[in-house]
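Just so you know, residue 1 is the first one in the sequence shown, and it goes up from there.
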Amino acid sequence: MDKLIIKGGKKLTGEVSISGSKNAALPIFISTLLAPGLHEISNVPFLRDINTTIKVLESLGGAVQGNGNIVSIDTSNINSVEATYELVKTMRASVLVLGPLLARYGRARVSLPGGCAIGARPIDQHLKGLKALGAEINLSHGYVEATAKSLKGARVNFDMPTVGGTEHIMMTATLAKGDTIIENAAREPEITDLAMMLIAMGAKIEGAGSDTIKITGVKQLSPVNYRVMPDRIEAGTFMIAAAITGGDVKIKNMQLGDIDALIFKLLDTGVEITNKNGVVKVKGPKRLKSVNIKTRPYPGFPTDMQAQFMALMSVADGASVIAENIFENRFMHVSELMRFGADITIDGRSATVKGVKKLSGAPVMATDLRASASLILAGLAADNTTEISRIYHLDRGYESIEKKLAALGADIQRVKE
């Protein structure tokens with residue numbers, strides 16, 4: 001098992017390029033099941049979750065080949081409609097194969113994903129939407145078994161915005177007869193990216209990126225070439241890395257408008273952000289100012305940036321209140337940040353962070369993907385040496401983050417434990 005060794009206190013400078021979005025690539029890969037033939041997906045990040053998705057597609061009969069950041073997926077010879085527990089348990093997004101398989105073959109059997117470290121994240125809204133489209137759902141022995149002679153467009157009103165649920169129903173409805181209206185849809189940029197992929201395949205979709213999406217079913221879709229959007233969470237993490245070290249970093253291949261909520265908060269802390277010819281420059285202040293945040297569904301402050309922002313606030317002047325409104329158990333990084341000397345108090349779904357002058361390096365343990373990033377950020381800002389173990393979480397969502405940080409001047413290396 002690997003760990004990271006960081007010798008902190010160095011200002012980051014230079015230029016970094018953001019990889020393709022994991023959260024966009026996963027449903028885009030799965031959407032290829034809707035159209036038999038050879039698809040070519042570019043700007044794909046090398047990540048553990050991507051490899052898991054490839055294994056899922058291959059288990060169904062898909063043929064997948066990679067060449068650099070380009071992945072070819074041939075779905076001409078799908079010969080199975082079952083995604084097993086062994087595959088689904090390692091990545092929740094695998095459950096999204098249920099609807100596309102159902103739409104194309106009239107049946108599917110997919111393992112229930114279960115819970116995860118940061119919360120239960122049930123799929124009841126996914127199943128509600130599939131039933132509205134005419135699917136018969138049976139839960140048996142830990143599996144969802146779905147059948148449908150013919151899917152028909154319907155009105156689907158989610159109880160709350162759900163990214164996975166919106167993606168799932170949007171994909172499935174592309175091959176249903178008639179119109180489907182998704183109300184209270186999630187609005188994340190990754191959903192818009194998936195919609196653009198589906199439209200390129202021949203789907204008729206309106207309103208992606210708003211809370212109401214209309215899908216008019218078509219008889220068939222065609223394979224396409226498509227480029228995945230940049231990863232807004234990786235971009236935000238590097239912006240905070242520049243800020244927390246008082247650095248001066250240029251960030252390429254990012255879409256600034258996708259993370260407005262984070263940018264406004266960073267500006268409030270005193271960080272300088274400029275955009276010139278598509279390159280975003282981030283310069284950290286001598287001393288950060290504390291600001292409060294509340295995580296919300298997009299376009300609100302992203303829950304996937306909460307842990308990283310908490311690391312930033314741990315060295316800011318004054319006190320900040322961080323409220324987590326998306327997941328019920330997303331403060332597991334707090335105890336590890338406190339090992340650096342951070343002053344944090346939790347009260348239910350809120351954490352009060354009193355900034356300290358300096359963090360001190362410590363041995364810490366990552367508990368989930370974004371928690372891993374927060375510990376790296378704290379280590380970059382801390383005195384002395386930090387050792388971060390269980391970084392396999394990190395490899396699910398950040399492509400070569402230690403190499404990118406080292407190129408910016410960080411003293412960071414991956415070693416075997």
Show every donor-acceptor pair shorter than 3.5 Å between a side-chain atom in residues 256-278 and any protein atom, with sequence neighbours excluded, or say none if there are none.
residue : atom : partner : partner atom : Å
D258    : OD2  : Q255    : NE2          : 2.7
K265    : NZ   : N292    : O            : 2.8
T269    : OG1  : L266    : O            : 2.6

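The distance from the CG atom of L98 to the CG atom of L33 is 11.0 Å, given to the nearest 0.5 Å. With values rounded to the nearest 0.5 angstrom, H126 atom NE2 is found 8.0 Å from I169 atom CD1.
Side chains of P223 and L38 form no contact here, defined as non-hydrogen atoms less than 4.5 Å apart. Between T84 and Y143 there is a side-chain heavy-atom pair separated by less than 4.5 Å. Residues K128 and D159 form a side-chain contact, since some pair of their non-hydrogen atoms from C-beta on lies under 4.5 Å apart. Taking the side chain as every heavy atom from C-beta outward, D179 and R155 never approach each other to under 4.5 Å. When side chains are defined from C-beta on, E188 counts as touching R232, because their heavy atoms get closer than 4.5 Å. In this structure, F29 and I50 have side chains that are in contact, with non-hydrogen atoms separated by less than 4.5 Å. Annotation: side chain of I244 is in contact with side chain of V315 (closest heavy-atom distance under 4.5 Å).
Salt-bridge formation is not detected for the pair D124/K131: no Lys NZ or Arg NE/NH1/NH2 atom is positioned less than 4.0 Å from an Asp or Glu carboxylate oxygen. Under a 4.0 Å N-O distance rule, the pair K22/E234 does not qualify as a salt bridge. Salt bridge R109/E145: present, at least one basic N to carboxylate O contact under 4.0 Å. Using a cutoff of 4.0 Å between basic side-chain nitrogens and carboxylate oxygens, D2 and R414 are scored as salt-bridged.
Within 6.0 Å of CG on N79 lie more than 12 heavy atoms contributed by other residues, nucleotides or ligands. For N67, the CG atom counts as loosely surrounded, since its 6.0 Å shell holds 12 or fewer non-hydrogen atoms of other residues, nucleotides or ligands. Other residues, nucleotides and ligands contribute at most 12 non-hydrogen atoms within 6.0 Å of the CE atom of M196. The local environment of NZ in K354 is sparse, with at most 12 non-hydrogen atoms from other residues, nucleotides or ligands closer than 6.0 Å.
In summary, of the residues considered (K404, H393, R370), a side chain to side chain donor-acceptor pair (under 3.5 Å) with Y398 occurs for R370 alone. Put simply, the residue from T295, D368, D304 that forms a side chain to side chain donor-acceptor pair (under 3.5 Å) with R330 is D304. A side-chain contact (heavy atoms from CB on, under 4.5 Å) with N43 holds for exactly one of I70, V71, N69, N253; it is N253.
With no hydrogens or angles considered, no side-chain donor-acceptor pair links S72 and Q65 at under 3.5 Å.
The salt bridge (charged side-chain N to carboxylate O under 4.0 Å, His left out) test applied to E336 returns no partner, not counting sequence neighbours.
Put simply, the side chain of R339 gets close to the backbone of P363: a donor and an acceptor are under 3.5 Å apart. At distances below 3.5 Å, at least one donor-acceptor pair connects side-chain atoms of E399 with backbone N or O atoms of F46.
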